[in-house]
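Reading through the structure tokens given below for one structure.
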Amino acid sequence: MASKKIKTSVAAKKFLNRGAWTAEEDEKLAQYVAINGPRRWKLIAFNSGLNRCGKSCRLRWLNYLRPNIKRGNFSDAEDDLILRLHRLLGNRWSLIAQRIPERTDNEIKNYWNSHLSKKSKLMEKLPAIPLSAAPLQLESINCGKETEASGEAADLSSDTDDKLFDFSSKGTYGFEWVKDFLELEEDS
DNA sequence: AACGAAGTCAACCGCTAATTT
DNA sequence: GAAATTAGCGGTTGACTTCGT
């Protein structure tokens with residue numbers, strides 16, 4: 001059954017649009033999601049008249065069309081925060097993104113791969129130099145946004161250091177947990 | 001000006017987890 | 001409880017742009 005399903009899926013894919021989204025497609029998707037909400041992406045893809053798969057629609061919405069997405073250059077504070085979060089969380093891009101307002105996991109991942117991974121390696125070679133010469137400017141980032149994601153990363157809370165990884169008790173963008181982490185880091 | 005190398009980033013793929021039936 | 005469906009994640013690809021020669 002699975003193989004039949006795969007064959008159907010491959011055949012169907014031949015007729016789906018791929019590649020870059022047009023402004024017209026963006027508009028269709030945005031309109032449909034505004035009315036019906038961002039769920040059941042397969043239905044969204046079908047009902048909105050977009051010749052795209054649901055996965056593609058979801059990605060486009062999450063990374064470009066949804067409100068409150070900041071695009072363009074990363075600030076020094078964001079750089080610094082990403083570097084620190086990556087040291088803490090590794091390649092858990094979605095977790096990192098949840099703590100950097102208005103940035104998507106895909107954008108952060110790309111930014112890390114093209115910019116920060118080099119910077120990070122450089123830092124490792126120069127351990128005496130702190131990650132940032134300036135103190136982390138948490139206030140400069142929009143911290144007021146409490147979201148549904150406050151309970152995410154609960155899986156991490158079962159890790160070795162419960163206090164450090166207990167995100168559930170902090171506001172998603174409160175950054176209190178980051179301060180806790182940085183204090184622990186500095187003490188060691 | 002022309003060309004190749006390197007960098008960037010939007011989009012896709014495969015997989016797993018979560019949810020629904 | 002099992003199967004099917006949906007959502008979400010991280011890695012990778014490939015088109016496009018920029019840079020260096």
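Note on naming: letters A, B, ... go to the chains in the order of the sequence lines (proteins, then strands), and numbering restarts at 1 for each one.
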Subject >> Spacing of A:Phe74 atom CZ relative to B:dC9 atom C1', expressed in whole Å >> reply: 11 Å

Sort me out a list of protein N/O and nucleotides 6-8 of chain B N/O pairs below 3.5 Å, or just none if empty.
| residue | atom | partner | partner atom | Å |
| --- | --- | --- | --- | --- |
| B:dT8 | OP1 | A:His115 | NE2 | 3.3 |
| B:dT8 | OP2 | A:Ser114 | O | 2.6 |

Original post:
A:Arg39 side chain N/O closer than 4.0 Å to the phosphate oxygens (OP1, OP2) of B:dT19?
Top reply: no

Under 3.5 Å, which donor-acceptor pairs link side chains of residues 29-39 of chain A to any protein atom two or more places apart or in another chain?
| residue | atom | partner | partner atom | Å |
| --- | --- | --- | --- | --- |
| A:Tyr32 | OH | A:Asn47 | ND2 | 3.1 |
| A:Asn36 | ND2 | A:Tyr32 | O | 3.1 |

Original post:
Would you say a side-chain N or O of A:Ser94 is under 4.0 Å from OP1 or OP2 of C:dC9?
Top reply: yes

**OP:** Please examine the side chains of A:Leu116 and A:Asp79, heavy atoms only from C-beta on, and report whether any two atoms are closer than 4.5 Å.
**Re:** yes

**OP:** Please state how far atom CG in A:Leu43 lies from atom C1' in B:dT20, giving the value in whole angstrom units.
**Re:** 13 Å

Subject >> A:Lys55 side chain, from C-beta outward: closest of B:dC15, C:dA7, B:dA10 >> reply: B:dC15

**OP:** Look at the side-chain N and O atoms of A:Ser56 and state whether any lies under 4.0 Å from the OP1 or OP2 oxygen of B:dA11.
**Re:** no

Original post:
OP1 or OP2 of C:dC9 less than 4.0 angstrom from a side-chain nitrogen or oxygen of A:Arg92, does that happen here?
Top reply: no

**OP:** Specify the separation, in whole Å, of atom CG of A:Leu59 and atom C1' of C:dG10.
**Re:** 12 Å

Original post:
Do A:Ile69 and A:Tyr64 have side chains that get closer than 4.5 Å, going by heavy atoms?
Top reply: no

Original post:
Does A:Arg58 make a side-chain N or O approach to OP1 or OP2 of C:dT6 shorter than 4.0 Å?
Top reply: no

**OP:** Taking only the side-chain nitrogens and oxygens of A:Lys42, find out if one of them lies under 4.0 Å from OP1 or OP2 of C:dT6.
**Re:** yes

Original post:
Would you call A:Arg66 and A:Glu102 a salt bridge, taking side-chain N to carboxylate O under 4.0 Å as the test?
Top reply: no

**OP:** Identify which nucleotide among B:dA10, C:dG10, B:dC13 has an atom closest to any side-chain atom of A:Trp93, counting heavy atoms from C-beta outward.
**Re:** C:dG10

Original post:
Checking all strands, does A:Gly54 fall into the base, sugar-phosphate, or nothing category for heavy-atom contacts under 4.0 angstrom?
Top reply: nothing

**OP:** State whether A:Arg18 places a side-chain N or O below 4.0 Å from either non-bridging phosphate oxygen (OP1 or OP2) of C:dT13.
**Re:** no

**OP:** Indicate yes or no: at least one non-hydrogen side-chain atom of A:Asp26 is less than 4.5 angstrom from one of A:Leu65.
**Re:** yes

**OP:** Provide, to the nearest angstrom, the distance between the CD atom belonging to A:Gln98 and the C1' atom belonging to C:dG10.
**Re:** 14 Å

**OP:** Using whole Å, report how far CG of A:Asp105 lies from P of B:dA11.
**Re:** 14 Å

**OP:** Please determine if A:Arg84 and A:Asp80 form a salt bridge, counting it only when a charged side-chain N lies under 4.0 Å from a carboxylate O.
**Re:** yes

Subject >> N/O donor-acceptor pair, side chain A:Asn63 with base B:dA10, under 3.5 angstrom >> reply: no

Original post:
Looking at A:Trp41, is A:Arg52 sitting on its ring face, NZ or CZ under 6.0 Å from the six-membered ring centre and within 45 degrees of the normal?
Top reply: no

**OP:** Grab the CG-P distance between A:Asn106 and C:dT13 for me, whole Å please.
**Re:** 15 Å

Original post:
What integer distance in Å separates A:Lys109:NZ from B:dA10:C1'?
Top reply: 11 Å

Original post:
How long is the line joining CG of A:Leu89 and P of C:dC9, in whole Å?
Top reply: 13 Å

Original post:
Any side-chain heavy atom of A:Asp105 within less than 4.5 Å of one from A:Ile96?
Top reply: no

